[in-house]
Amino acid sequence: MALNKAVIRSVLEGLYFSGAHRVLRPWLGGVGAILMLHHVRPPRRDAFQPNRLLEVRPEFLERVVASIRRARIDIVSLDEARRRLIEADFRRRFVCLTLDDGYRDNLRYAYPVLKKYEAPFTIYIPTSFPDRVGELWWMTLEAAIARNTRIGLVMDGKDRSYPCATTEEKYALFDHIYWWLRDLDDEQEMRCAVRELGSRYGIDPDEFCANECMTWAELSDLAADPLATIGAHTVNHVMLKKASDDVARTEMRMSSATIEAALGIKPRHFAYPIGDRTSAGPREFRTASELGFATAVTTRPGVLFPEHRAHLTALPRISLNGEYQQLRYAKVLMSGAATTLRNRLRRVDVAA
Ligand SMILES: [Zn+2]
(Lines give C-alpha, C1' and ligand atoms only; values in the text may rest on other atoms or scores of the structure.)
Protein backbone atom coordinates (compact mmCIF):
# COMPACT_ATOMS: atom_id res chain seq x y z
CA MET A 1 0.00 0.00 0.00
CA ALA A 2 2.94 2.30 0.57
CA LEU A 3 4.27 1.59 -2.89
CA ASN A 4 2.73 3.06 -5.95
CA LYS A 5 0.81 0.23 -7.57
CA ALA A 6 1.04 1.69 -11.05
CA VAL A 7 4.83 1.81 -10.74
CA ILE A 8 5.05 -1.79 -9.57
CA ARG A 9 2.71 -2.86 -12.35
CA SER A 10 4.78 -1.15 -15.00
CA VAL A 11 8.02 -2.58 -13.64
CA LEU A 12 6.50 -6.05 -13.75
CA GLU A 13 5.17 -5.45 -17.26
CA GLY A 14 8.61 -4.23 -18.27
CA LEU A 15 10.33 -7.28 -16.89
CA TYR A 16 7.83 -9.53 -18.62
CA PHE A 17 7.83 -7.95 -22.02
CA SER A 18 11.60 -7.44 -22.06
CA GLY A 19 12.01 -11.13 -21.34
CA ALA A 20 14.42 -10.09 -18.58
CA HIS A 21 12.87 -12.57 -16.15
CA ARG A 22 13.83 -15.42 -18.46
CA VAL A 23 17.34 -14.15 -19.05
CA LEU A 24 17.97 -13.59 -15.36
CA ARG A 25 16.38 -16.82 -14.23
CA PRO A 26 19.41 -19.11 -14.14
CA TRP A 27 20.99 -17.18 -11.29
CA LEU A 28 18.19 -15.07 -9.89
CA GLY A 29 15.51 -17.72 -10.02
CA GLY A 30 16.61 -19.70 -7.00
CA VAL A 31 15.74 -23.32 -6.39
CA GLY A 32 12.13 -22.85 -5.33
CA ALA A 33 9.53 -20.46 -4.01
CA ILE A 34 6.90 -20.27 -1.29
CA LEU A 35 3.72 -18.62 -2.52
CA MET A 36 1.48 -16.72 -0.11
CA LEU A 37 -2.28 -16.32 -0.35
CA HIS A 38 -4.94 -14.99 2.01
CA HIS A 39 -8.54 -14.88 0.73
CA VAL A 40 -9.50 -16.88 -2.35
CA ARG A 41 -12.99 -15.89 -3.49
CA PRO A 42 -15.01 -14.35 -6.32
CA PRO A 43 -14.52 -10.59 -6.52
CA ARG A 44 -16.93 -8.21 -4.76
CA ARG A 45 -18.32 -5.28 -6.69
CA ASP A 46 -17.69 -2.58 -4.04
CA ALA A 47 -15.62 0.34 -5.30
CA PHE A 48 -13.84 0.64 -1.93
CA GLN A 49 -11.79 -2.49 -1.20
CA PRO A 50 -8.59 -1.41 0.52
CA ASN A 51 -7.80 -4.96 1.65
CA ARG A 52 -8.18 -6.35 -1.85
CA LEU A 53 -4.49 -7.03 -2.17
CA LEU A 54 -5.18 -9.86 0.28
CA GLU A 55 -7.46 -11.76 -2.10
CA VAL A 56 -7.37 -13.54 -5.42
CA ARG A 57 -10.06 -15.09 -7.56
CA PRO A 58 -10.42 -18.90 -7.55
CA GLU A 59 -9.84 -18.94 -11.34
CA PHE A 60 -6.56 -17.09 -10.84
CA LEU A 61 -5.39 -19.65 -8.30
CA GLU A 62 -6.31 -22.40 -10.74
CA ARG A 63 -4.39 -20.77 -13.58
CA VAL A 64 -1.32 -20.37 -11.37
CA VAL A 65 -1.44 -23.98 -10.16
CA ALA A 66 -2.00 -25.29 -13.70
CA SER A 67 0.88 -23.21 -15.05
CA ILE A 68 3.23 -24.46 -12.30
CA ARG A 69 2.30 -28.03 -13.23
CA ARG A 70 2.78 -27.30 -16.94
CA ALA A 71 6.22 -25.86 -16.22
CA ARG A 72 7.07 -29.19 -14.53
CA ILE A 73 7.79 -27.45 -11.26
CA ASP A 74 6.98 -29.67 -8.24
CA ILE A 75 4.33 -28.48 -5.79
CA VAL A 76 5.55 -29.80 -2.45
CA SER A 77 4.76 -29.61 1.27
CA LEU A 78 6.90 -27.45 3.54
CA ASP A 79 8.41 -30.61 5.04
CA GLU A 80 9.54 -31.69 1.59
CA ALA A 81 10.83 -28.21 0.73
CA ARG A 82 12.84 -28.26 3.97
CA ARG A 83 14.26 -31.68 3.12
CA ARG A 84 15.33 -30.49 -0.33
CA LEU A 85 17.01 -27.41 1.16
CA ILE A 86 18.81 -29.41 3.87
CA GLU A 87 19.90 -32.21 1.52
CA ALA A 88 20.64 -29.78 -1.33
CA ASP A 89 18.33 -31.83 -3.53
CA PHE A 90 17.76 -29.34 -6.32
CA ARG A 91 17.21 -31.67 -9.25
CA ARG A 92 13.76 -30.16 -9.75
CA ARG A 93 12.48 -26.70 -8.94
CA PHE A 94 9.68 -26.57 -6.39
CA VAL A 95 6.89 -24.37 -5.09
CA CYS A 96 5.04 -24.45 -1.75
CA LEU A 97 1.54 -23.04 -1.49
CA THR A 98 0.68 -21.28 1.77
CA LEU A 99 -2.53 -19.60 2.91
CA ASP A 100 -2.57 -17.29 5.93
CA ASP A 101 -5.20 -16.80 8.64
CA GLY A 102 -7.61 -19.69 7.92
CA TYR A 103 -10.34 -17.88 6.02
CA ARG A 104 -13.48 -19.87 5.29
CA ASP A 105 -13.26 -19.03 1.58
CA ASN A 106 -10.09 -21.17 1.50
CA LEU A 107 -12.26 -24.21 2.23
CA ARG A 108 -14.97 -23.25 -0.24
CA TYR A 109 -12.93 -21.93 -3.16
CA ALA A 110 -9.23 -22.76 -2.80
CA TYR A 111 -9.47 -26.31 -1.47
CA PRO A 112 -11.41 -27.72 -4.48
CA VAL A 113 -8.73 -26.32 -6.82
CA LEU A 114 -5.86 -27.67 -4.70
CA LYS A 115 -7.60 -31.03 -4.43
CA LYS A 116 -8.19 -31.19 -8.20
CA TYR A 117 -4.46 -30.71 -8.86
CA GLU A 118 -3.43 -32.76 -5.81
CA ALA A 119 -1.38 -29.83 -4.66
CA PRO A 120 -0.06 -29.92 -1.08
CA PHE A 121 -0.70 -26.70 0.85
CA THR A 122 -0.23 -25.15 4.29
CA ILE A 123 -2.72 -23.02 6.20
CA TYR A 124 -1.38 -20.88 9.05
CA ILE A 125 -3.90 -20.36 11.87
CA PRO A 126 -3.92 -17.62 14.50
CA THR A 127 -5.75 -19.64 17.15
CA SER A 128 -7.89 -16.73 18.37
CA PHE A 129 -9.68 -16.83 14.98
CA PRO A 130 -11.24 -20.31 15.29
CA ASP A 131 -11.61 -19.56 19.02
CA ARG A 132 -13.84 -16.67 17.84
CA VAL A 133 -12.07 -13.99 19.85
CA GLY A 134 -9.73 -12.74 17.12
CA GLU A 135 -9.50 -9.09 16.19
CA LEU A 136 -9.37 -8.64 12.44
CA TRP A 137 -8.68 -4.96 12.98
CA TRP A 138 -7.99 -4.18 9.31
CA MET A 139 -11.55 -5.26 8.50
CA THR A 140 -13.00 -3.11 11.29
CA LEU A 141 -11.13 -0.13 9.86
CA GLU A 142 -12.37 -0.91 6.34
CA ALA A 143 -15.99 -1.28 7.52
CA ALA A 144 -15.92 1.97 9.55
CA ILE A 145 -14.74 3.93 6.53
CA ALA A 146 -16.97 2.07 4.05
CA ARG A 147 -20.17 2.61 6.04
CA ASN A 148 -19.69 6.30 6.95
CA THR A 149 -19.21 9.60 5.19
CA ARG A 150 -17.13 11.12 7.96
CA ILE A 151 -14.87 9.52 10.57
CA GLY A 152 -13.75 10.96 13.87
CA LEU A 153 -11.05 9.42 16.03
CA VAL A 154 -8.37 10.32 18.53
CA MET A 155 -4.91 10.23 16.98
CA ASP A 156 -1.83 10.95 19.07
CA GLY A 157 -4.04 12.46 21.79
CA LYS A 158 -5.85 14.82 19.42
CA ASP A 159 -9.42 14.66 18.17
CA ARG A 160 -9.41 14.31 14.39
CA SER A 161 -12.22 14.24 11.90
CA TYR A 162 -11.97 13.29 8.24
CA PRO A 163 -14.42 13.26 5.34
CA CYS A 164 -14.84 9.91 3.60
CA ALA A 165 -17.84 10.29 1.34
CA THR A 166 -16.19 9.51 -1.99
CA THR A 167 -14.25 6.39 -2.91
CA GLU A 168 -11.14 8.46 -3.34
CA GLU A 169 -11.49 9.96 0.14
CA LYS A 170 -12.12 6.52 1.58
CA TYR A 171 -8.91 5.12 0.07
CA ALA A 172 -6.89 8.11 1.20
CA LEU A 173 -8.28 7.91 4.72
CA PHE A 174 -7.76 4.16 4.97
CA ASP A 175 -4.12 4.59 3.99
CA HIS A 176 -3.67 7.46 6.42
CA ILE A 177 -5.15 5.66 9.44
CA TYR A 178 -3.73 2.26 8.48
CA TRP A 179 -0.15 3.49 8.38
CA TRP A 180 -0.60 5.60 11.52
CA LEU A 181 -1.78 2.44 13.29
CA ARG A 182 1.04 0.31 11.86
CA ASP A 183 3.63 2.87 12.94
CA LEU A 184 2.53 2.85 16.60
CA ASP A 185 5.21 1.18 18.70
CA ASP A 186 2.69 -0.48 20.96
CA GLU A 187 0.29 -2.94 19.39
CA GLN A 188 -2.12 -2.63 22.34
CA GLU A 189 -2.43 1.07 21.58
CA MET A 190 -3.24 0.19 17.97
CA ARG A 191 -5.88 -2.31 19.00
CA CYS A 192 -7.46 0.14 21.46
CA ALA A 193 -7.73 2.77 18.73
CA VAL A 194 -9.49 0.33 16.39
CA ARG A 195 -11.78 -0.99 19.15
CA GLU A 196 -12.74 2.58 19.96
CA LEU A 197 -13.42 3.29 16.28
CA GLY A 198 -15.53 0.14 16.01
CA SER A 199 -17.65 0.95 19.04
CA ARG A 200 -18.13 4.56 17.95
CA TYR A 201 -19.48 3.43 14.55
CA GLY A 202 -21.44 0.40 15.70
CA ILE A 203 -19.21 -2.23 14.16
CA ASP A 204 -19.24 -5.55 15.92
CA PRO A 205 -15.62 -6.67 16.06
CA ASP A 206 -16.69 -10.31 16.40
CA GLU A 207 -18.67 -10.23 13.17
CA PHE A 208 -15.58 -10.68 10.97
CA CYS A 209 -14.17 -13.59 12.92
CA ALA A 210 -17.51 -15.41 12.90
CA ASN A 211 -18.22 -14.77 9.21
CA GLU A 212 -14.81 -14.96 7.61
CA CYS A 213 -12.79 -17.54 9.55
CA MET A 214 -12.98 -21.31 9.70
CA THR A 215 -14.16 -23.03 12.86
CA TRP A 216 -12.09 -25.72 14.56
CA ALA A 217 -14.50 -28.31 13.09
CA GLU A 218 -13.88 -27.01 9.55
CA LEU A 219 -10.14 -26.94 10.19
CA SER A 220 -10.28 -30.46 11.51
CA ASP A 221 -11.97 -31.70 8.29
CA LEU A 222 -9.32 -29.94 6.23
CA ALA A 223 -6.46 -31.21 8.39
CA ALA A 224 -7.61 -34.79 7.77
CA ASP A 225 -6.51 -34.45 4.12
CA PRO A 226 -2.87 -35.53 3.69
CA LEU A 227 -2.45 -32.61 1.25
CA ALA A 228 -2.98 -30.16 4.13
CA THR A 229 -0.44 -28.93 6.65
CA ILE A 230 -1.70 -26.79 9.52
CA GLY A 231 0.84 -24.23 10.65
CA ALA A 232 0.91 -21.83 13.61
CA HIS A 233 0.50 -18.07 13.26
CA THR A 234 0.47 -16.87 16.92
CA VAL A 235 -2.64 -16.71 19.10
CA ASN A 236 -3.70 -13.10 18.55
CA HIS A 237 -2.11 -12.35 15.17
CA VAL A 238 0.36 -9.95 16.76
CA MET A 239 3.31 -8.13 15.28
CA LEU A 240 5.85 -10.08 17.31
CA LYS A 241 8.73 -7.67 16.92
CA LYS A 242 6.76 -5.02 18.84
CA ALA A 243 6.07 -7.40 21.73
CA SER A 244 8.24 -8.11 24.78
CA ASP A 245 10.44 -11.24 24.77
CA ASP A 246 7.93 -12.90 27.04
CA VAL A 247 4.82 -12.06 25.05
CA ALA A 248 6.44 -12.94 21.72
CA ARG A 249 7.59 -16.34 22.94
CA THR A 250 4.24 -17.08 24.62
CA GLU A 251 2.27 -16.13 21.50
CA MET A 252 4.37 -18.52 19.44
CA ARG A 253 4.41 -21.39 21.93
CA MET A 254 0.72 -21.11 22.88
CA SER A 255 -0.49 -21.07 19.28
CA SER A 256 1.30 -24.33 18.68
CA ALA A 257 -0.04 -25.89 21.89
CA THR A 258 -3.61 -24.77 21.13
CA ILE A 259 -3.55 -26.23 17.61
CA GLU A 260 -2.15 -29.47 18.99
CA ALA A 261 -4.92 -29.62 21.61
CA ALA A 262 -7.67 -28.83 19.07
CA LEU A 263 -6.55 -30.90 16.10
CA GLY A 264 -4.24 -33.48 17.62
CA ILE A 265 -1.30 -32.46 15.42
CA LYS A 266 1.66 -30.45 16.66
CA PRO A 267 2.42 -27.77 14.07
CA ARG A 268 5.94 -27.94 12.66
CA HIS A 269 5.70 -24.73 10.68
CA PHE A 270 5.11 -21.11 11.61
CA ALA A 271 4.28 -17.82 9.87
CA TYR A 272 5.02 -14.42 11.41
CA PRO A 273 1.85 -12.24 11.35
CA ILE A 274 2.21 -9.22 9.02
CA GLY A 275 5.67 -10.70 8.55
CA ASP A 276 7.57 -7.70 7.19
CA ARG A 277 10.65 -6.24 8.87
CA THR A 278 8.52 -4.21 11.32
CA SER A 279 6.93 -7.42 12.58
CA ALA A 280 9.59 -10.13 12.45
CA GLY A 281 13.35 -9.90 12.81
CA PRO A 282 16.36 -11.80 14.12
CA ARG A 283 14.90 -12.24 17.64
CA GLU A 284 11.76 -13.89 16.22
CA PHE A 285 13.78 -16.05 13.80
CA ARG A 286 15.84 -17.29 16.76
CA THR A 287 12.79 -17.91 18.95
CA ALA A 288 11.01 -19.91 16.22
CA SER A 289 14.03 -22.11 15.91
CA GLU A 290 14.43 -22.49 19.71
CA LEU A 291 10.77 -23.51 19.95
CA GLY A 292 11.47 -26.28 17.47
CA PHE A 293 9.63 -25.05 14.38
CA ALA A 294 11.01 -26.78 11.30
CA THR A 295 10.39 -23.71 9.15
CA ALA A 296 9.01 -20.22 9.62
CA VAL A 297 8.00 -17.82 6.87
CA THR A 298 8.04 -14.05 6.64
CA THR A 299 6.33 -11.83 4.08
CA ARG A 300 9.70 -10.48 2.92
CA PRO A 301 9.54 -10.97 -0.84
CA GLY A 302 11.93 -13.43 -2.38
CA VAL A 303 12.52 -16.90 -3.79
CA LEU A 304 14.47 -19.71 -2.14
CA PHE A 305 18.21 -20.15 -2.62
CA PRO A 306 20.45 -23.00 -1.35
CA GLU A 307 21.72 -20.58 1.34
CA HIS A 308 18.29 -20.59 2.97
CA ARG A 309 19.11 -23.99 4.52
CA ALA A 310 20.93 -21.97 7.18
CA HIS A 311 17.90 -19.68 7.68
CA LEU A 312 14.94 -22.03 7.80
CA THR A 313 13.02 -19.82 10.23
CA ALA A 314 13.43 -16.69 8.09
CA LEU A 315 12.12 -17.80 4.73
CA PRO A 316 10.85 -15.28 2.15
CA ARG A 317 7.61 -15.64 0.22
CA ILE A 318 6.04 -14.47 -3.01
CA SER A 319 2.63 -12.88 -2.50
CA LEU A 320 -0.02 -13.79 -5.02
CA ASN A 321 -1.48 -10.35 -4.79
CA GLY A 322 -5.03 -9.37 -5.66
CA GLU A 323 -3.78 -6.21 -7.32
CA TYR A 324 -1.76 -8.16 -9.88
CA GLN A 325 -4.03 -11.01 -10.83
CA GLN A 326 -2.58 -11.75 -14.16
CA LEU A 327 -0.66 -14.86 -14.82
CA ARG A 328 2.21 -13.00 -16.40
CA TYR A 329 2.80 -11.12 -13.15
CA ALA A 330 2.87 -14.35 -11.18
CA LYS A 331 5.42 -15.79 -13.62
CA VAL A 332 7.67 -12.75 -13.32
CA LEU A 333 7.40 -12.79 -9.53
CA MET A 334 8.25 -16.48 -9.35
CA SER A 335 11.19 -16.07 -11.68
CA GLY A 336 12.75 -14.12 -8.84
CA ALA A 337 13.71 -11.18 -11.04
CA ALA A 338 11.31 -8.70 -9.48
CA THR A 339 11.99 -9.61 -5.87
CA THR A 340 15.74 -9.85 -6.25
CA LEU A 341 15.80 -6.41 -7.81
CA ARG A 342 13.74 -5.15 -4.88
CA ASN A 343 16.14 -6.85 -2.44
CA ARG A 344 18.96 -5.03 -4.21
CA LEU A 345 20.41 -8.28 -5.47
CA ARG A 346 20.81 -9.82 -2.03
CA ARG A 347 19.85 -13.47 -2.27
CA VAL A 348 19.22 -13.95 1.43
CA ASP A 349 17.61 -11.20 3.47
CA VAL A 350 17.50 -12.05 7.17
CA ALA A 351 18.91 -8.90 8.74
CA ALA A 352 16.82 -6.55 10.89
ZN1 LIG B 1 -1.88 -13.32 8.95
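Each ligand, and each atom within it, is numbered from 1 in the order the structure gives.
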- Task: Report yes if the side chains of Arg182 and Thr278 come closer than 4.5 Å at any heavy-atom pair, otherwise no.
- Result: yes
- Looking at Val40 and Pro58, what are the two nearest heavy atoms and their distance? CG1-CA, 3.7 Å
- Message: Is the distance between the ring centroids of Trp137 and Tyr178 under 6.0 Å?
- Response: yes
- Quick one: do the His38 and Tyr103 side chains pair a donor with an acceptor below 3.5 Å? no
- Query: Given the side-chain rings of Phe270 and Tyr124, with only the six-membered ring counted for Trp, is the space between their centroids under 6.0 Å?
  - Reply: no
- Looking only at heavy atoms, what is the nearest atom pair of Phe293 and Thr313, with distance? O-CG2, 4.0 Å
- Using a cut-off of 2.8 Å, find all protein N, O or S atoms closer to the Zn ion (ligand 1) than that distance. Asp101 OD1, His233 NE2, His237 NE2
